[in-house]
Protein chains: 2
Amino acid sequence: MEGREFKDAMYEGLAKMLKALSNSARLEIIEMLSQGEKSVEGIVQSTNLSVANASQHLQVLKNNNIIKSRKEKQYVFYSLVNDDFLALYQHIIKYAVGEIAELEKIMNRQREDNKALNAVSLDELDTMIGDDHVLLLDVRPKTEFEFGHITGAVSIPMNELMAHLKDFSKDKEIIAYCRGPFCVLADEAVKMLSEKGYKVRRLNEGYPEWKVKQLEINK
Amino acid sequence: MEGREFKDAMYEGLAKMLKALSNSARLEIIEMLSQGEKSVEGIVQSTNLSVANASQHLQVLKNNNIIKSRKEKQYVFYSLVNDDFLALYQHIIKYAVGEIAELEKIMNRQREDNKALNAVSLDELDTMIGDDHVLLLDVRPKTEFEFGHITGAVSIPMNELMAHLKDFSKDKEIIAYCRGPFCVLADEAVKMLSEKGYKVRRLNEGYPEWKVKQLEINK
DNA sequence: CAAGTATTCAATAAATATATTGAATACTTG
DNA sequence: CAAGTATTCAATATATTTATTGAATACTTG
């Protein structure tokens with residue numbers, strides 16, 4: 001193989017993988033799958049996609065070694081191919097949110113709207129863990145919590161939150177988290193709880209970011 | 001802004017940046033620019049692109065905060081926007097080469113063809129630096145060497161290599177490097193020098209990878 | 001095995017990305 | 001300021017990507 005041929009082949013292969021990532025529907029699917037495996041139906045429920053369209057996007061991701069599938073009964077369950085991809089994906093998001101002014105602006109506007117500007121970072125959270133006055137609240141669906149959660153967190157899915165208000169003490173500082181920086185469940189929880197007079201902030205990141213950080217530490 | 005609107009805006013923005021990266025011509029431009037700033041003409045010379053086409057691709061990269069430009073006389077010089085992008089780019093390549101079977105195969109075939117399989121890694125290089133019997137050889141064009149190079153390296157651009165053969169001792173172990181894993185200059189140098197009876201291997205990575213590693217260390 | 005459900009496939013139209021061509025612009029230098 | 005050079009712009013044809021639709025397949029369960 002000549003030099004140019006080789007280069008072209010490598011860049012085309014690389015571009016092909018990046019093309020698979022460069023679509024908003026597929027990025028949302030990736031976020032879903034970083035919370036654990038999901039069936040096609042599961043993905044359709046929390047996106048605006050039709051079943052056929054979701055299936056097509058899943059094929060694209062699968063053909064590019066980003067996700068893998070497993071069949072059980074009638075269902076096909078998809079999941080991220082490995083944690084290395086998760087780390088790469090978070091690196092991309094971190095760069096984009098930090099360097100692309102457009103994205104930074106959208107993010108800040110959202111946070112302002114939700115008074116979520118004084119969010120807690122993962123590093124800050126480290127210093128708070130173990131403190132009796134802090135309650136770490138996971139507001140994702142139960143199945144996602146069961147697949148994995150931040151050590152010490154308590155699971156109260158968003159749709160059950162109202163019913164569990166009585167369980168919280170107004171003395172405690174509540175830190176709510178969900179799927180990641182683009183997930184709005186934690187914002188909703190903060191809004192609801194602060195209206196009721198609780199001390200509450202959101203975590204800037206979500207479960208997958210915490211997980212990748214743990215993997216880094218234990219490497 | 002509603003939750004779905006926010007999510008869509010973020011994923012679309014992210015997808016837009018990734019679209020800018022998902023084209024082989026633009027990836028090659030990025031590799032060129034990780035060796036230092038280049039004019040449009042400079043880029044055209046080492047790619048298969050027409051001037052107008054290269055210019056268009058450069059606009060796309062610029063509009064997505066991946067590269068920046070500076071004007072001097074008639075020339076416009078482009079360069080990567082910052083080292084954070086360089087680190088992200090290398091992370092993408094590392095994932096792709098390690099996880100995408102197709103790319104791994106192409107890479108291995110190239111290395112076999114060039115008997116470059118026993119390449120030296122950056123980590124190995126660390127243990128060799130300072131050894132009097134090792135000669136670290138930078139075969140990139142002089143201007144790229146001058147912009148930055150691995151500490152202790154000697155610059156002999158590929159096209160001058162033949163004329164400098166007499167400078168090398170056959171007792172020394174020569175390590176040749178160039179722009180990065182997809183660059184074939186080092187492969188050519190290894191081929192040429194080993195045919196003449198020198199002990200020579202290539203560095204698996206190139207100057208930008210060394211640079212990012214240094215930045216990591218000094219962080 | 002019939003009925004129901006989950007997923008994929010195939011065909012299509014619309015939207016977007018790409019390379020090419022031939023100007024137009026901007027700048028330098030004699 | 002005229003001639004030359006580097007870069008960008010605008011228009012176009014082609015290729016690729018995308019969402020939609022309706023059907024086909026695969027599997028489960030009664």
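Chain letters run A, B, ... following the sequence lines, proteins first and then strands; every chain starts at 1.
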I'd like to know if [X] and [Y] make a salt bridge, using a cut-off of under 4.0 Å between side-chain N and carboxylate O.
X      : Y     : result
B:D8   : B:R4  : yes
B:K211 : B:D83 : yes
A:E28  : A:R26 : no

Rounding to an integer number of Å, can you tell me how far [X] [atom1] sits from [N] [atom2]?
X     : N      : atom1 : atom2 : result
A:N53 : D:dG22 : CG    : C1'   : 15 Å
A:L27 : D:dT17 : CG    : P     : 16 Å
A:L21 : D:dT17 : CG    : P     : 14 Å
A:K71 : C:dA6  : NZ    : P     : 13 Å
A:F77 : D:dC27 : CZ    : C1'   : 13 Å
B:R26 : C:dA17 : CZ    : C1'   : 8 Å
A:H57 : D:dT20 : NE2   : C1'   : 11 Å
B:N63 : C:dT18 : CG    : P     : 13 Å

task: Nearest-nucleotide wise, let me know which of A:S69 and A:Q56 is further upstream toward the 5' end of DNA chain C.
output: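 Comparing both residues, the 5'-ward one is A:S69.
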Under a 3.5 Å cut-off for both contacts, is [N] paired Watson-Crick or G-U wobble with anything, and if yes, with which nucleotide?
N      : value
C:dA13 : D:dT18
C:dT7  : D:dA24
D:dT29 : C:dA2
C:dT18 : D:dA13

- request: Carefully, step by step, assess A:Y207 and A:Y177 under the rule ring pair (Phe, Tyr, Trp, His ring centres under 6.0 Å).
  value: CA-CA 8 Å; A:Y207 166 67; A:Y177 77 87; 7.5 Å; no
Is the phosphate of [N] approached by [X] (side-chain N or O, under 4.0 Å from OP1 or OP2)?
X     : N      : answer
A:Q59 : C:dT8  : yes
A:Y78 : C:dT8  : yes
A:K73 : D:dT29 : yes
A:N23 : D:dT17 : no

field: Polar side-chain atom of B:N23 near backbone of B:K19 as donor-acceptor pair, under 3.5 Å
entry: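 Answer holds: no.
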- prompt: If each of A:Q74 and A:A25 is mapped to the nucleotide of DNA chain D with the nearest heavy atom, which maps nearer the 5' terminus, i.e. the 5' end?
  reply: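 In this pair, the answer is A:A25.
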message: Let's see if you can work this out: which of D:dT17, C:dT7, D:dT7 has an atom nearest to the side-chain heavy atoms of A:K19?
response: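 It is D:dT17.
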message: For a quick check of understanding: with a heavy-atom distance under 4.0 Å over all strands, which category does B:A52 fall into, base, sugar-phosphate or nothing?
response: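 Result for B:A52 = base.
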